[in-house]
Amino acid sequence: MTTYVLVPGAWHGAWTFEPLARELRRAGHEAYPLTLTGLGSRKHLLTASVNLDTHIDDVVNLLADEDVTDAVLVGHSYGGMVVTGAADRVPDRVKGLVYVDAMVPEDGQSTWSLVSDNERAWYLDGTGENGYTSAPLPFFDPRATPHPLASLLQAIRLEGDLGRFAAKSYVYATQWPTPSPFTGLYERLSGLPDWRTHAVDSGHNVMRDAPEELLKVLLEHG
């Protein structure tokens, strides 16, 4: 049995991964889809101090609380920042990583530094009255909630690199309506021998658009 920890992207909650989590459980594994602090059902915890470290702590604390030592951390989009930080902090609890159309940061990088000017404008356009949240885009699922801006701005601090983890997969969505911001990353990782890369016929929301293909990738880590 493998334990999967499923981390959604910005503005989204555990509901994005719950159908996939049910399939993983049916296959005999454990699965924890997370809602990060300040989002979704935990939106009452949203303050100006919620940042990337807070979200990394969400994952690290779950692994410790459940005494997980065989985790496959799965991060979608912004969730790639979170799972990278968590794996770096507790590598002894992690056996694999899956990035789902996600960021794969290096030390000192932030979501802000990894996105385009257009995406930065999206982040700032919806800061609203409080000044510390980024509003979900109009076409998002109605369950999406404002995201803590500090988590998008904070640079990640890493002690080691991902070479410590033998099992690493990247899932690249090929059907963006605009050029994908992850194309260069996917091409780079495809040339590395310690990465498994997968191009899927899907929009950015791979969990919704290509659930069977994504499940297959995850079970390869089981």
Side-chain angles (χ1 to χ4, degrees), residues 2-27 29-43 55 58-59 62 71-84 96-104 111 114-116 118-119 122-123 126 134-148 151-152 168-183 185-186 189 196-222:
T2 295
T3 302
Y4 294 87
V5 178
L6 309 159
V7 181
W11 304 284
H12 292 72
W15 47 269
T16 64
F17 272 115
E18 185 54 47
L20 186 63
R22 289 195 292 268
E23 294 303 318
L24 290 167
R25 294 178 192 124
R26 287 192 186 101
H29 302 288
E30 185 57 88
Y32 293 95
L34 288 189
T35 293
L36 299 169
T37 297
L39 294 154
S41 63
R42 305 181 71 201
K43 62 187 177 184
H55 291 164
D58 286 336
V59 177
L62 170 68
V72 172
L73 303 184
V74 182
H76 176 241
S77 196
Y78 161 78
M81 302 289 297
V82 179
V83 300
T84 301
L97 293 154
V98 180
Y99 293 84
V100 183
D101 221 34
M103 297 160 187
V104 183
T111 299
L114 291 171
V115 300
S116 68
N118 284 340
E119 288 169 294
W122 297 344
Y123 296 167
S134 176
L137 293 174
F139 57 83
F140 284 177
D141 187 288
R143 289 171 289 184
T145 56
H147 190 92
S151 72
L152 304 175
K168 300 184 292 292
S169 292
Y170 194 89
V171 179
Y172 170 66
T174 64
Q175 296 300 317
W176 277 68
T178 57
S180 169
F182 301 113
T183 300
L185 173 62
Y186 167 71
L189 296 179
R196 288 178 277 182
T197 56
H198 310 263
V200 297
D201 184 14
S202 169
H204 183 51
N205 190 342
V206 182
M207 297 82 70
R208 179 194 64 202
D209 296 347
E212 293 181 2
E213 293 90 336
L214 182 54
L215 177 63
K216 182 179 178 181
V217 172
L218 297 189
L219 290 176
E220 291 176 357
H221 287 260

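Every value quoted in this text rests on a predicted model; they were computed, and no experiment measured them.
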Can you tell me how far the [atom1] atom of [X] sits from the [atom2] atom of [Y], to the nearest 0.5 Å?
{"X": "H12", "Y": "F140", "atom1": "NE2", "atom2": "CZ", "result": "5.0 Å"}
{"X": "R42", "Y": "L34", "atom1": "CZ", "atom2": "CG", "result": "8.5 Å"}
{"X": "M81", "Y": "T111", "atom1": "CE", "atom2": "OG1", "result": "4.0 Å"}
{"X": "D101", "Y": "T174", "atom1": "CG", "atom2": "OG1", "result": "9.0 Å"}
{"X": "Y4", "Y": "L215", "atom1": "OH", "atom2": "CG", "result": "8.0 Å"}
{"X": "L24", "Y": "L219", "atom1": "CG", "atom2": "CG", "result": "6.0 Å"}

Decide yes or no for [X] and [Y]: does some side-chain heavy atom of the first lie under 4.5 Å from some side-chain heavy atom of the second?
{"X": "N205", "Y": "T16", "answer": "no"}
{"X": "T197", "Y": "Y186", "answer": "yes"}
{"X": "P136", "Y": "P146", "answer": "yes"}
{"X": "L185", "Y": "Y170", "answer": "yes"}
{"X": "W176", "Y": "P181", "answer": "yes"}
{"X": "L218", "Y": "V98", "answer": "yes"}
{"X": "H204", "Y": "H76", "answer": "yes"}

Minimum heavy-atom distance [X]-[Y], with the two atoms named:
{"X": "F17", "Y": "P33", "answer": "CB-CB, 3.9 Å"}
{"X": "V83", "Y": "L97", "answer": "O-CD2, 4.0 Å"}
{"X": "L6", "Y": "P8", "answer": "O-CD, 3.7 Å"}
{"X": "V206", "Y": "A173", "answer": "CG2-CB, 4.0 Å"}

Determine whether a donor-acceptor pair (N or O, by modelled atom type, separation under 3.5 Å) exists between the side chain of [X] and the backbone of [Y].
{"X": "D209", "Y": "G203", "answer": "yes"}
{"X": "T35", "Y": "A14", "answer": "yes"}
{"X": "S77", "Y": "A102", "answer": "no"}
{"X": "E119", "Y": "S116", "answer": "yes"}
{"X": "R143", "Y": "G40", "answer": "no"}

> Please walk me through it: do E30 and R25 pass side chain to side chain contact (heavy atoms under 4.5 Å, CB included)?
Replying inline: CA-CA 6 Å; E30 185 57 88; R25 294 178 192 124; 4.0 Å; yes

> Centroid-to-centroid, H55 to H147, below 6.0 Å?
Replying inline: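 When the ring centroids of H55 and H147 are compared, they turn out to be within the sub-6.0 Å range.
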
> Is a salt bridge present between K216 and E213, judged by a nitrogen-to-oxygen distance below 4.0 Å?
Replying inline: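 No, no charged N to carboxylate O under 4.0 Å.
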
>> For R208, is there an ion pair with D141 - N to carboxylate O distance below 4.0 angstrom?
In response: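 Not counted as a salt bridge, because no side-chain N and carboxylate O are separated by less than 4.0 Å.
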
> Do we see a donor-acceptor contact under 3.5 Å between the side chains of H221 and S169?
Replying inline: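 Judged by distance alone, the side chains do pair up.
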
> How are the rings of Y123 and W11 set relative to one another: parallel (under 30°), tilted (30 to 60°) or perpendicular (over 60°)?
Replying inline: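 Tilted.
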
> When you look at V7 and L36, which way does the side chain to side chain contact (heavy atoms under 4.5 Å, CB included) test go after all the steps?
Replying inline: CA-CA 8 Å; V7 181; L36 299 169; 4.0 Å; yes

